[in-house]
Structure formats: structure tokens, C-alpha cells
**Q** 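Sharing a structure below in C-alpha cells format, with a few things to ask.
Heavy atoms only: backbone and side chains are in, while hydrogens, waters and symmetry mates are out. Chain identifiers are assigned alphabetically (A, B, ...) following the order of the sequence lines, protein sequences preceding nucleic acid strands; residue numbering begins at 1 within each chain.
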Protein chains: 2
Amino acid sequence: MSKQELVVLGQDAESGTCRPGLVAAPLDDGQAAELAGLFKALGDPVRLRLLSMIASRAGGEVCVCDLTPAFELSQPTISHHLKLLRQAGLIDCERRGTWVYYWALPATLDRLADFLRTSSTSGAGA
Amino acid sequence: MSKQELVVLGQDAESGTCRPGLVAAPLDDGQAAELAGLFKALGDPVRLRLLSMIASRAGGEVCVCDLTPAFELSQPTISHHLKLLRQAGLIDCERRGTWVYYWALPATLDRLADFLRTSSTSGAGA
DNA sequence: GGCTTGCATTGACGTCTATCGATTCAACCT
DNA sequence: AGGTTGAATCGATAGACGTCAATGCAAGCC
């Protein structure tokens, strides 16, 4: 399942090569800029809470009407943060009647997790 | 030198502390603020390049004098970014004679990686 | 001592960003 | 059609952030 629109950031079409990871080799400018954009999207408490609320949802989808009242922020502000998360490729959304539903894009999250991991899941764990 | 604020990796605390991960449960305010601070430190291309240059170093240590000339930025700017990375608990440093050496703190990186991973050990071949 | 090098700190400046109120757009409902 | 609700967009504003030149500080060297 989950054949959503995973067409987010160019995985490694022509520039990214093979996603070396943080400890493997120094980043070039392009990789650093792209990854920094992703981390910047995560670098806000409100967006992090929004993303966790979306990603931890059992059904995989959350209505904006369930997200907005969880914060003491105005509706435009929440909408703004959701837009940034979507532009970063961390979530996607779809309008269904009156309501808009958001879901997480695990590919992007796992990509960042792989990038940050120092011990590459090979023997000698911990 | 003065004591910096390396109090980032609070592994105990009282709020959950299970490090549930992004998809496990919604974050509370405290966790979101703490993690957002870490991601914010990663949300800059220069800092990401600096961190990768430090973390990918074989010996584990890098002299500032090797980092600064790799950027077309002033020396104070590089020093500023290194300070932010250190305050976030991502790196640490030590003065050795005239030079200052930096190294990465893998614990913080792995913590973030664990937090972001959506599929725990789900070998998905690319 | 005085000089030089390496790095951190300070102060200032321009830009980016988070937030809001007001407005607009989309869909539903009489 | 008009009215209502849910969500995105627009403009404006206060604060945060990245960057630099100038300065300070520590360590080595003459």
C-alpha cells in the first residue's frame, strides 16, 4: 500500500549519487543545501509536533481540523507550517470534500535517518 | 574557557523519555522544543558541511585550521557555526596548544536517527 | 618583553522567519 | 442564489539568524 505521491525530492537522480551518510564523506554544496532545507523544516517545535501528530496517526491520515485546535496558534499559522512541511517533502495532503487530510512521507524521514546514523547497522551494534 | 551549555542530551528527564520516535506518538512541547533545537542546528548548509567534515574524519578530530579554508566565509562566521553545533551537543572541541580540534558526538546523531526512522529494521532494498 | 599566528567574541547590519488579522477560495447546505 | 464552514493566501510586523569587520585572547616564537 501507500503508493502515495512519493515523487518528492530527486532521490539521487543525477546529482545525489548514493546518499553516503554524514560520517562517510564530506558533503558537497548541493547535498548540504538540500539536506539543510529538510532539517530546517524540522527545526521548529510546531512543525515537529505537527509532523509527529501526522506520522503517528494510525490510519495514516489526519484532518487539519484535528491539528489546528491542538495548538494555541492561529489557523493561518498552522496552515503555514503545514505548507513548509509539504514543500520539504515530509508530508503530503489531499482535499476530500470540505476537509483537507495530511499524511507523512516515510521515504524522506528514512532518508534523513540513514543520513544521520553513524553506526551503519553492521555488526558491532551499539 | 567558560562552561558552555552542553546540556542538550537530557536522557532522563521526567517526560516519557522513552524516545518513542516520530511515528510512535505525538510529541509534547518539551520534547518538540528540544528536538527542534537539534534539527535547527542541522538546518544550515554550512553547519551541515562542517559536521560532515568533522564526522567523516578518520582520526575523529579536525583542526579548525582545516575547516575554515574550505569555505568562502570569514573566520568568525565559521567559528560561530562551530559554536552552535557545539551548543547543540553535536560536536565538542579541545584546545591543544595553538590549535583547536573538533570531533563529532555520535550519540546525538544516532538519537536523531532513531527518532526519524519510521520502519524499524525493515530492510527495504532500493 | 614584543611580535605573530590561531581562534573566539563583540557589535552592527541585512535578510529571513514566525506570527497575526484580514481576506479569499472551496465545498457544503439549505 | 445566498449563507456557512474549513482551509489557504495575502500584507504587515517583531524577532531571530547569518554574515562581516574589528577586536580580544591564548599560545608559541623572536
Side-chain angles (χ1 to χ4, degrees), chain A residues 27 29 32-51 53-54 57 61-88 90-103, chain B residues 1-6 27 29 32-51 53-54 57 61-88 90-103:
Chain A
L27 294 169
D29 288 352
E34 181 193 348
L35 289 167
L38 284 171
F39 285 123
K40 187 182 299 183
L42 297 174
D44 182 277
V46 176
R47 286 196 289 273
L48 218 45
R49 283 186 59 199
L50 282 170
L51 182 60
M53 292 175 70
I54 296 171
R57 192 63 150 220
E61 293 179 349
V62 191
C63 178
V64 177
C65 59
D66 290 332
L67 296 172
T68 304
F71 299 83
E72 297 192 355
L73 294 170
S74 67
Q75 175 266 321
T77 297
I78 300 300
S79 187
H80 167 68
H81 286 301
L82 289 171
K83 181 180 182 178
L84 293 185
L85 286 173
R86 189 158 55 93
Q87 288 178 339
L90 291 163
I91 60 176
D92 203 356
C93 68
E94 177 190 4
R95 174 165 220 126
R96 212 169 296 156
T98 307
W99 295 276
V100 176
Y101 292 84
Y102 280 80
W103 58 86
Chain B
M1 288 199 173
S2 57
K3 21 186 49 176
Q4 310 290 344
E5 350 190 1
L6 290 185
L27 294 169
D29 288 354
E34 181 193 349
L35 288 166
L38 284 171
F39 285 123
K40 188 182 296 184
L42 297 174
D44 182 275
V46 175
R47 285 195 291 272
L48 218 45
R49 283 186 59 198
L50 282 170
L51 182 60
M53 291 175 70
I54 296 171
R57 193 64 151 221
E61 293 179 348
V62 191
C63 178
V64 176
C65 60
D66 290 332
L67 296 172
T68 304
F71 299 83
E72 297 193 355
L73 293 171
S74 68
Q75 175 266 320
T77 298
I78 301 299
S79 187
H80 168 67
H81 286 302
L82 289 171
K83 181 179 183 179
L84 293 185
L85 287 172
R86 190 157 55 96
Q87 289 179 339
L90 291 163
I91 60 176
D92 202 355
C93 68
E94 177 189 5
R95 176 166 217 124
R96 212 167 296 154
T98 308
W99 295 276
V100 176
Y101 292 85
Y102 280 81
W103 59 87

**Q** Expressed in angstrom and rounded to an integer, what is the separation of A:Q87 atom CD from D:dT9 atom C1'?
**A**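 From A:Q87 CD to D:dT9 C1': 12 Å.
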**Q** Mind checking whether B:L42 and A:L42 have side chains closer than 4.5 Å, heavy atoms only?
**A**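 Counting from C-beta outward, B:L42 and A:L42 never come under 4.5 Å.
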**Q** Measuring to OP1 and OP2 of D:dC20, would you say a side-chain N or O of B:T77 lies under 4.0 angstrom away?
**A**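 Yes, such a contact exists.
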**Q** A:K40 side chain N/O closer than 4.0 Å to the phosphate oxygens (OP1, OP2) of C:dT17?
**A**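 Yes.
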**Q** Could you check how far CG of B:L82 sits from P of C:dG6, rounded to whole Å?
**A**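 Those two atoms, CG and P, are 16 Å apart.
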**Q** Within this structure, what is the CZ-to-P distance between B:R96 and C:dC7, rounded to whole angstrom?
**A**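 Computing the B:R96:CZ to C:dC7:P distance gives 12 Å.
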**Q** Between C:dG6 atom C1' and B:R95 atom CZ, what is the distance in whole Å?
**A**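 Atom CZ in B:R95 sits about 7 Å away from atom C1' in C:dG6.
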**Q** Quick check: closest heavy atoms across A:D66 and A:M53, and the distance to 0.1 Å?
**A**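 Heavy atoms of A:D66 and A:M53 come nearest at O-CE, 4.2 Å.
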**Q** Please check the phosphate of D:dG6 (OP1 and OP2 only) for any side-chain N or O of A:Y101 closer than 4.0 Å.
**A**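 Negative; the distance criterion is not met.
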**Q** Could you tell me the separation between the CD atom of A:E94 and the P atom of D:dA7, rounded to a whole number of Å?
**A**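 Those two atoms, CD and P, are 14 Å apart.
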**Q** Would you kindly compare A:G97 and A:D44 by the position of their nearest DNA chain C nucleotide and give the one closer to the 5′ end?
**A**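 That would be A:D44.
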**Q** Ignoring backbone atoms, establish whether B:S74 has a side-chain N or O less than 4.0 Å from OP1 or OP2 of D:dC20.
**A**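 Checking D:dC20 against B:S74, a side-chain N or O does come within under 4.0 Å of OP1 or OP2.
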**Q** Categorize A:R47 for me: base, sugar-phosphate, or nothing, with a 4.0 angstrom heavy-atom threshold over every strand shown.
**A**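 Sugar-phosphate, no base atom in range.
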**Q** A:R47 and A:A41: which non-hydrogen atoms are nearest, and at how many Å?
**A**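 Of all heavy-atom pairs spanning A:R47 and A:A41, the closest is NE-O, 2.7 Å.
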**Q** Of the nucleotides C:dT19, C:dA8, D:dT9, which has the atom closest to the B:V64 side chain?
**A**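 Among the listed nucleotides, the one closest to the side chain of B:V64 is C:dA8.
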**Q** Side-chain N or O of B:H80 less than 4.0 angstrom from OP1 or OP2 on D:dC17?
**A**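 Answer no for this pair, as no side-chain N or O of B:H80 is under 4.0 Å from OP1 or OP2.
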**Q** Please report, rounded to the nearest Å, how far the C1' atom of D:dG28 is from the CH2 atom of B:W99.
**A**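 The answer, rounded to whole Å, is 8 Å.
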**Q** B:I78 has an atom CD1; how far is it from atom C1' of C:dT9, in whole Å?
**A**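 Rounded to the whole Å, the gap is 16 Å.
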**Q** Nearest-nucleotide wise, let me know which of A:C93 and B:L84 is further upstream toward the 5' end of DNA chain D.
**A**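 Result of the comparison: A:C93.
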**Q** D:dT9 phosphate, OP1 or OP2: any side-chain N/O from A:K83 under 4.0 angstrom?
**A**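 Yes.
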**Q** Need one value for B:F71: base, sugar-phosphate or nothing, where a base atom within 4.0 Å counts as base even if backbone is also close, heavy atoms only.
**A**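 No contact.
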**Q** I want to confirm an ordering. Mapping B:Q75 and B:H81 to their closest nucleotides on DNA chain D, which one lands closer to the 5' end?
**A**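 Going by which nucleotide is closer to the 5' end, it is B:H81.
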**Q** May I ask you to test the B:E94-B:Y101 pair for a side-chain heavy-atom distance under 4.5 Å?
**A**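 No, their side chains stay 4.5 Å or more apart.
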**Q** Tell me whether the OP1 or OP2 atom of D:dA27 has a side-chain N or O from B:T98 closer than 4.0 Å.
**A**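 False: B:T98 side-chain N/O out of range (4.0 Å or more) of D:dA27 OP1/OP2.
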**Q** Do the numbers put B:R49 on top of the ring of B:F71, so that NZ or CZ is under 6.0 Å from the six-membered ring centre and no more than 45° off the axis?
**A**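 B:R49 over B:F71 ring: yes.
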**Q** Tell me: CG of A:L50 to P of C:dA18, nearest whole Å?
**A**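 Rounding to the nearest Å, CG of A:L50 and P of C:dA18 are 12 Å apart.
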